[in-house]
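Proteins come first, then strands; the chains are lettered A, B, ... in the order of their sequence lines, and each starts at number 1. Hydrogens, waters and symmetry mates are skipped; everything else that's a heavy atom, side chains included, is used.
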Protein chains: 2
Amino acid sequence: MPEGDTVPGTSGTRRTPRGLETRSRIVDSAAKLFYVKGVNATTLDDVRLASSTSKSQLYNHFEGKPALIHAVIDVQSKFVLAREEQRLRGVKTLTGLRRWRDALVQANSLQDGSYGCALGAMSIELSDNDEQSRQALNASFDAWRWMLVETLTRLRVLGVLAEDADPQRLGTGLLAALQGGYVLAQNARSSEPMAVALDMALDHIASFARS
Amino acid sequence: MPEGDTVPGTSGTRRTPRGLETRSRIVDSAAKLFYVKGVNATTLDDVRLASSTSKSQLYNHFEGKPALIHAVIDVQSKFVLAREEQRLRGVKTLTGLRRWRDALVQANSLQDGSYGCALGAMSIELSDNDEQSRQALNASFDAWRWMLVETLTRLRVLGVLAEDADPQRLGTGLLAALQGGYVLAQNARSSEPMAVALDMALDHIASFARS
DNA sequence: CTAGTATTGGACTAAATCGTCCACTTACGT
DNA sequence: ACGTAAGTGGACGATTTAGTCCAATACTAG
């Protein structure tokens, strides 16, 4: 994991446990604020307050706001990808895929759809102005897509899906349905659009089920 | 068209043609900037510069930045909905629906997917912080969804789709696929994910075609 | 034409916000 | 234990940005 963004020149600055703890407190607070308020609407003072730190700590651990943003993207990506990896790993049937859907819809409904997808939101907000963020987020989306493609490939190998099912396209479509579901759900303050969108994608996938 | 947001107390201020022309120049410039830079990243000075106006003109025609944002949401919504209405009105076959898809994908590919959907982007950026914007955008999404539902209903009535096709759910799914396609396309700087997402939705709809 | 109203230009204020600096404290290696 | 480097607190400066104000100009109605 590239640490080379948190420190001015060299990445070889010595860090004590206390420093690392402070750093992660800052990143965690920033991640939460970015998620609920948006990146641009969150000021460094907000982060400072939420993390109970001081200005010098922010600038000791990060070059500036852009570096903090990149660190947050990093931690959010890891979080989402780890969660998805864990949920998709054992999926071997269409029912398992439905369970994956249920988990997403349930989590979304707990907050009435608000806040959407952490990665999707940052993507839309940042990709126009910050190329580095865009690339990082794009890599995460690609990894996410890959997990779906691998899951679908597994289903095909296991004989759950027919040979003419195209995991690449189906995986992309599934991720798009999820992201679109997030957008509509966030705006409607209801997880229902997301449920419908995912159901549509899953029904389509199910149409490739081996008879 | 509610004009009641542009002027402090009363909405009955007299306006001359010149004033109205200035006002629309401001809104148009702001709409463009919001689209390519994002709402929060656009300052009033940006708008002032792009529209060749002065501070007093901005505040003569709008109460402040929020009012300007609402005006932009209004004009963008009208634009998108008018475009969609025009494209969907005559759709009477699945081929017609494919043409609708082609138009969206083509427009998206012209800018390599950048910038995404004007409504979706503002929705994600604003819905957490501005309830009024959220509701306005939600109404637009709902109108958009309705157009798709009506189109699918028409196809069912015409016998193109079978009775068991559910236009409500299919319309929601179609809009979600489109929005998700926008998100992925914007991040990947390629319209391909959007094409795949829409194709999936259309294939699913086609599976309800009357045999 | 004239009075009143809309419109405009731009200087100005107040507040927010990013970023710097330095004295001070804590921890690590030897 | 002692010197050096990491870490901390918070004041401070510089810049950006939203918003105000007023004098000057264009327009409209009568």
| Distance test, side-chain N/O of Q57(A) to OP1/OP2 of dT8(D), below 4.0 Å | yes
| query | Tell me the ring-ring contact (aromatic ring centres under 6.0 Å, His included) pairs involving residues 117-141 of chain A, sequence neighbours left out? | reply | none
| field | Separation of atom NZ in K65(B) from atom P in dG19(D), rounded to whole Å | value | 9 Å
| field | Atom-pair distance (CG on L44(B); C1' on dA15(C)), nearest Å | value | 14 Å
| query | dA11(D) C1' sits how many Å from R48(A) CZ, rounded? | reply | 12 Å
| Nearest-angstrom distance from the residue atom CZ of R23(B) to P of dA6(C) | 16 Å
| Would one find more than 12 heavy atoms of other residues, nucleotides or ligands at under 6.0 Å from atom NZ of K32(B)? | no
| task | Please say which of S190(B), S191(B), C117(B), S114(B) ends up in a side-chain contact (heavy atoms from CB on, under 4.5 Å) with N108(B). | result | S191(B)
| task | Check every atom of dG9(C), dC18(C), dG7(D) against the side chain of T22(A) and return the nucleotide holding the closest atom. | result | dG7(D)
| Under 6.0 Å from the NZ atom of K37(A), do we count more than 12 heavy atoms belonging to anything else shown? | yes
| Are any side-chain N or O atoms of S127(B) and backbone N or O atoms of S123(B), one a donor and one an acceptor, separated by less than 3.5 Å? | yes
| query | Are S77(A) and D74(A) close enough, and set up right, to give a side-chain hydrogen bond (donor to acceptor under 3.5 Å, both in side chains), and what steps lead you there? | reply | CA-CA 5 Å; S77(A) 293; D74(A) 204 54; over 6 Å; no
| Atom-to-atom span, CG of D45(A) to P of dG19(C) - whole angstrom | 12 Å
| H61(B) side chain near dT8(C) phosphate (N/O to OP1/OP2, under 4.0 Å) | yes
| message | Rounded to whole Å, how long is the line connecting atom CG of N40(A) with atom C1' of dA16(C)? | response | 15 Å
What protein N or O atoms touch nucleotides 21-23 of chain D N or O atoms at under 3.5 angstrom, if any, and at what distances?
none

| task | Let me know the distance between CZ of F62(B) and P of dA6(C), rounded to the nearest Å. | result | 17 Å
| Please give, in whole Å, the distance from dG19(D) C1' to N60(B) CG? | 14 Å
| query | Does E84(A) CD have over 12 foreign heavy atoms under 6.0 Å away? | reply | yes
